Protein chains: 2
Amino acid sequence: MTEPPARPTQRDIARRAGVSTATVSYVLNGRRGGAKPPPEETRQRVLRAVAEVGYQVDHAGRSLRRRRTDLVALMYPAPSSPWSDRLAEQMQAGAAERGLGVVALPQGEAASGDAALRVLRERYVDGAVLLPDCRVDPAELTRLAGRGLALVVFDDHLAPDGFDVVRQDRARACRAAVEHLVASGHRRIAYLAHPGEDGWDGVRSVKLRGYRDVLAAHGIGVDPALVLPVADSRPAAYAAVRELLRRPDPPTAVLSATDRAAIDAVWAARDHGVEVPGGLAVAGIGNIPEGVVITPALTTVGARELDFTREVARLFARLDAAAPLPGEVMAAPWELIVRASA
Amino acid sequence: MTEPPARPTQRDIARRAGVSTATVSYVLNGRRGGAKPPPEETRQRVLRAVAEVGYQVDHAGRSLRRRRTDLVALMYPAPSSPWSDRLAEQMQAGAAERGLGVVALPQGEAASGDAALRVLRERYVDGAVLLPDCRVDPAELTRLAGRGLALVVFDDHLAPDGFDVVRQDRARACRAAVEHLVASGHRRIAYLAHPGEDGWDGVRSVKLRGYRDVLAAHGIGVDPALVLPVADSRPAAYAAVRELLRRPDPPTAVLSATDRAAIDAVWAARDHGVEVPGGLAVAGIGNIPEGVVITPALTTVGARELDFTREVARLFARLDAAAPLPGEVMAAPWELIVRASA
DNA sequence: CTGAAAGCGCTTACAG
DNA sequence: CTGAAAGCGCTTACAG
C-alpha cells in the first residue's frame, strides 16, 4: 500500500483504477457530443479511486487545455462598499449556476492597483465587471477585450470597444447635487473628497469637478480649506466635520463623495449640537440603503436601486456567446434623490 | 504583414524575433543559477516583438509548469468589513513586493460559499488567510494544507495541522461583554445576531452562545423576541432597534454581533429620544475604528489594533519556505473595551 | 550563446 | 468500450 501522492493527478487515479487517464476524465467530466460515458462498473472503480486519494482537479492543467479559467472577477476601488458587496453577491449567484468561481479585486494604491490589473492581463479570469473609478487605461481595456476577456465596465465616457460600458452619467448627477445645495441658499459648502482625488485624471474626478464647476458657475469661490480628503473613512469624516464646525467660519452645507462619510457628517453635526439640515445641510453621493433609515434621511445622488442584475447578466451572456459580442452601451443613470438632510 | 494573433504566445514572439521559445523565456524571466542571459542584441529583438504584439504571459501555462499560481486569497464571510478591507490592504502590500496578486473571496450563502472554497481546492491560489466564521470543514483544511496550500486560519478551536491558527479567544471576550452588561444591572438585553446565526454550528456561533450562556448563568431567561437577525445590515439594525424601543417592554441594553449594527443601534436610540447609555446601553463586537469617534464612544470587544502584520507575514513565510512549516498557534486575543455606550 | 525537447495536468479527436 | 497520443503555453535541464 503506497501513500497517496501529495497532490494526486488523473494519472494516479488511472493507475489505481486500472484504466487510462482518458477514462478518468470521461468519468469525471462526461463526454461531449453525446458519446456514451464509461459503463457503471468502470465508473465506480474510478470514483472509488478518486475518493480514496481525495483527488481534486488541477486548475492550471484544466485551464491550459480548455482555454478558459471558469473564474470571473469584480474590480472596484478599495475600500469595499455596499455596492461592491452587492455586486459580489449577485455575481456569485449567477456564477454558481454555471459552476464558476468569483473573485474580488479591490484596487488599492498604485502598486497593488496594477497587481489587480495583472490578474486580468495574465488571464487568471475569463471576465470581469469593473465598478466606477477603477484606475485602468482605456487602451488596456480595448486590448484585453480584443484578447477575448469578457468585460463590463462602469464608465461615463469610454466608448464600448469589444466590451460593454455602463453609463451612470455621474457628472450630471453630482452637479445636480451641488445645484441643489446652492439653490437652497448655501454659499459655504464643504466637500468630503476621496483621498488623492485632487490628483485624479479628469475622467475619474467627476465628483470634485462637479463641486468646483457648479460653485464657479454661480460665482462662488472655492475655499480649499473646505475640501477634506476623508470620504473613504467614516471615522475620519466624523472627526473632520466636527473640526469644521468648531471653526470660526463653518460651512452651512457639506457634500460628501460617499454616502458613508455623509452619514458620519450627519452624526458629527448632531453630536455638535447642530441641526441637520437647519444648521448644516448634508448631501451624499452613492445612495446606499443606510441613507434611507437615518434621521434625517440622507439627500444623495445615485442609482435608485442597489441592483446589478442587468450588468451581471450581460457579463455571463458575453461568456456564453459563441462569437464575440459587439460592445454595448447600457444606461443606468444616477439621479438626485432629495430626502431630508439637505 | 500578418495580423498579430488574438492572444499571442511565446511561440509567436519567437517566430517574430527569429529565436527559439527558450530564448524568449530567458529574456522575459532571466535564467536561473547565474547562467548568462541572452546578449543585448537578442534581448532587444525579443522585447521589440513582445511590444509589437502586446504579449502577456499566460497564467495557465506558466502555473502548470512552475507549479505555483503566484496568487493568494483572503476569504471572509460576506459582507466585507473594515477588517476584511484592512487585511486585503495589508496582503496587497506584502504581495506587491513579491510580485504576487491578491484576490478576495467573500463567502456568501451556501452555494457560493462552496464556490469560494473551490478556488482553494482546485489550486487557483498558492495560499490564503481565512478570517473568522468562514464555513470550512476542518478536515478539508488539513487536506488542503497537506496538498501544499499555505494557510493561515482565524479559529479559536482548531488545532494547527499543517496550517497556522490564529486564536482570538472570542468566546471569552463575548462573554465578558455580556457580563459587563449584566454587572451594570441590565436584565432585558437584546441581541443583534448574524442572519442564520441560530443555525450555525457550535464552533462558529460564539457570539450568540456567549449571550445565552452568560444570561443563563445569571438566571436571566432569554426572550427570543429580543434576538434579531440584523447584524449584517446597518439599515436593518437601525430599523430593528427603533422597533424594539417602540415595544411596551423595551430592552435596557443591546449587544450586537457587529460594531456596524451597534453603531446604528446608537443612532436609532438617539433618534428615538433615548439616551445612550442611560436609556439604552449598547455594546458591539469587533472594535472597528468608527466606534471610537461616535458619541457616545462604543463599548465593544475585539482586537486592540486593526492590524494583520503578523498573520500576513506568516502567510508569506509559508509561501517562501523551502520545506513545509509546522502549524503554529498565534495568539491575538480579543479584549473587552469599555468606552461610553455601555 | 542558443535551440530542441521534455514535461507540468488536463481534455478530446481518433484509432483500434 | 477504451486507450495512446497530441497539444494547450510555459520553463528549464541539457546538448551542441
Side-chain angles (χ1 to χ4, degrees), chain A residues 4-46 49-50 53-70 121-124 126 147-148, chain B residues 4-46 49-50 53-70 121-124 126 147-148:
Chain A
R7 196 164 160 65
T9 68
Q10 288 190 4
R11 213 149 145 273
D12 301 309
I13 305 298
R15 226 184 330 247
R16 224 179 162 89
V19 297
S20 72
T21 62
T23 300
V24 173
S25 180
Y26 290 146
V27 168
L28 259 24
N29 307 308
R31 301 191 60 162
R32 60 171 6 186
K36 274 197 197 133
E40 193 53 22
E41 203 272 326
T42 311
R43 225 177 83 78
Q44 289 307 333
R45 259 208 336 279
V46 170
V50 164
V53 303
Y55 170 79
Q56 292 287 344
V57 74
D58 179 85
H59 146 255
R62 163 173 285 181
S63 290
L64 181 57
R65 175 64 219 229
R66 288 194 177 169
R67 311 273 57 224
R68 61 191 159 80
T69 65
D70 291 331
R121 268 199 291 251
E122 301 183 359
R123 268 316 174 93
Y124 284 88
D126 295 327
R147 298 279 193 271
Chain B
R7 197 164 158 66
T9 67
Q10 288 191 5
R11 212 149 145 275
D12 301 309
I13 305 298
R15 230 189 322 253
R16 224 179 162 91
V19 297
S20 72
T21 61
T23 299
V24 173
S25 181
Y26 290 147
V27 169
L28 259 24
N29 307 309
R31 302 191 61 163
R32 61 171 6 186
K36 272 196 198 134
E40 194 54 21
E41 202 274 326
T42 312
R43 225 176 83 77
Q44 288 306 332
R45 262 210 330 283
V46 169
V50 163
V53 303
Y55 170 80
Q56 292 287 342
V57 74
D58 180 84
H59 147 256
R62 163 174 285 180
S63 289
L64 181 57
R65 175 64 217 229
R66 288 195 177 168
R67 312 274 58 222
R68 59 191 160 82
T69 66
D70 292 330
R121 270 196 233 126
E122 301 183 359
R123 267 316 174 94
Y124 285 87
D126 295 327
R147 298 279 193 270

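Every heavy atom of this structure was used, including side-chain atoms; hydrogens, water molecules and symmetry mates were not. Letters A, B, ... mirror the listed sequences (proteins, then strands); counts begin at 1. From a predicted model like this one, the values you see are computed outputs, not experimental measurements.
- Straight-line distance from the CG atom of B:D126 to the P atom of C:dC8: 19 Å, rounded to whole Å.
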Quick test: give all pairs of protein nitrogen or oxygen and nucleotides 13-16 of chain D nitrogen or oxygen below 3.5 Å, distance rounded to 0.1 Å.
from, atom 1, to, atom 2, distance (Å)
D:dA13, N6, B:Y26, OH, 2.6

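- Comparing atom distances between the A:P38 side chain and each of C:dC8, D:dC8, D:dT2 picks out D:dT2 as nearest.
- Comparing D:dC10, C:dG3, D:dT12 by their closest approach to the side chain of B:V19 singles out C:dG3.
- Between D:dT2, C:dG3, D:dA6, one nucleotide has an atom nearer to the side chain of A:R65 than all others, and that is D:dA6.
- Nucleotide C:dC10 holds its C1' atom 13 Å from the CD1 atom of A:I13, rounded to whole Å.
- You'll find the side chain of A:V19 reaches within 4.5 Å of the side chain of A:T42, heavy atoms only.
- Computed from coordinates, the B:R11 CZ to C:dG3 C1' distance equals 14 Å when rounded to whole Å.
- Looking only at side-chain heavy atoms (C-beta outward), A:S25 and A:Q10 come within less than 4.5 Å of each other.
- Rounded to whole Å, atom P of D:dC8 lies 18 Å from atom NE2 of A:H59.
- In this structure, C:dA4 makes no Watson-Crick or G-U wobble pair, since no nucleotide meets both defining distances under 3.5 angstrom.
- A residue-by-residue look at B:G61 and B:T23 shows that B:G61 has its nearest nucleotide of DNA chain D further toward the 5' end.
- In this structure the side chain of B:R66 reaches within 4.5 angstrom of the side chain of B:N29, judged on heavy atoms.
- Side-chain atoms of B:T9 and B:D58, non-hydrogen and from C-beta on, never get closer than 4.5 Å to each other.
- Atoms CD (B:Q44) and C1' (C:dC1) sit 17 Å apart, rounded to a whole Å.
- Using a 4.0 Å cut-off, no side-chain N or O of B:T9 falls inside it from OP1 or OP2 of D:dG9.
- Closest-nucleotide positions on DNA chain C for B:R66 and B:T42 were compared, and the one nearer the 5' end corresponds to B:T42.
- Counting only heavy atoms from C-beta on, B:D58 has its side chain closest to D:dG9 among D:dG9, C:dC10, D:dT12.
- Distance, A:R147 CZ to D:dG9 C1': 15 Å, rounded to whole Å.
- When each of C:dC1, D:dT2, D:dG9 is scored by its nearest atom to the side-chain atoms of B:P39, the top-ranked nucleotide is C:dC1.
- Using a 4.0 Å cut-off, no side-chain N or O of B:R67 falls inside it from OP1 or OP2 of D:dT11.
- When the nearest nucleotides of DNA chain C are assigned to A:L28 and B:G18 by heavy-atom distance, the more 5′-ward of the two goes with B:G18.
- Between the CG atom of A:D70 and the C1' atom of C:dT11 there is a distance of 13 Å, given to the nearest Å.
- When both distances must be under 3.5 Å, the Watson-Crick or G-U wobble mate of C:dA13 does not exist.
- Of the candidate nucleotides C:dG9, C:dG3, D:dG3, D:dG3 has the atom nearest to the side chain of A:S20.
- We find that CG of B:L64 is positioned 9 Å from P of C:dC10, with the value rounded to whole Å.
- A:R62 places none of its side-chain heavy atoms less than 4.5 Å from the side chain of A:H59.
- With rounding to the nearest 0.5 Å, the separation of OH in A:Y26 from OG in A:S20 is 8.0 Å.
- With contacts defined as side-chain heavy-atom distances shorter than 4.5 Å, the pair B:R123/A:R7 qualifies.
- In this structure, B:L28 and B:Y55 have side chains that are in contact, with non-hydrogen atoms separated by less than 4.5 Å.
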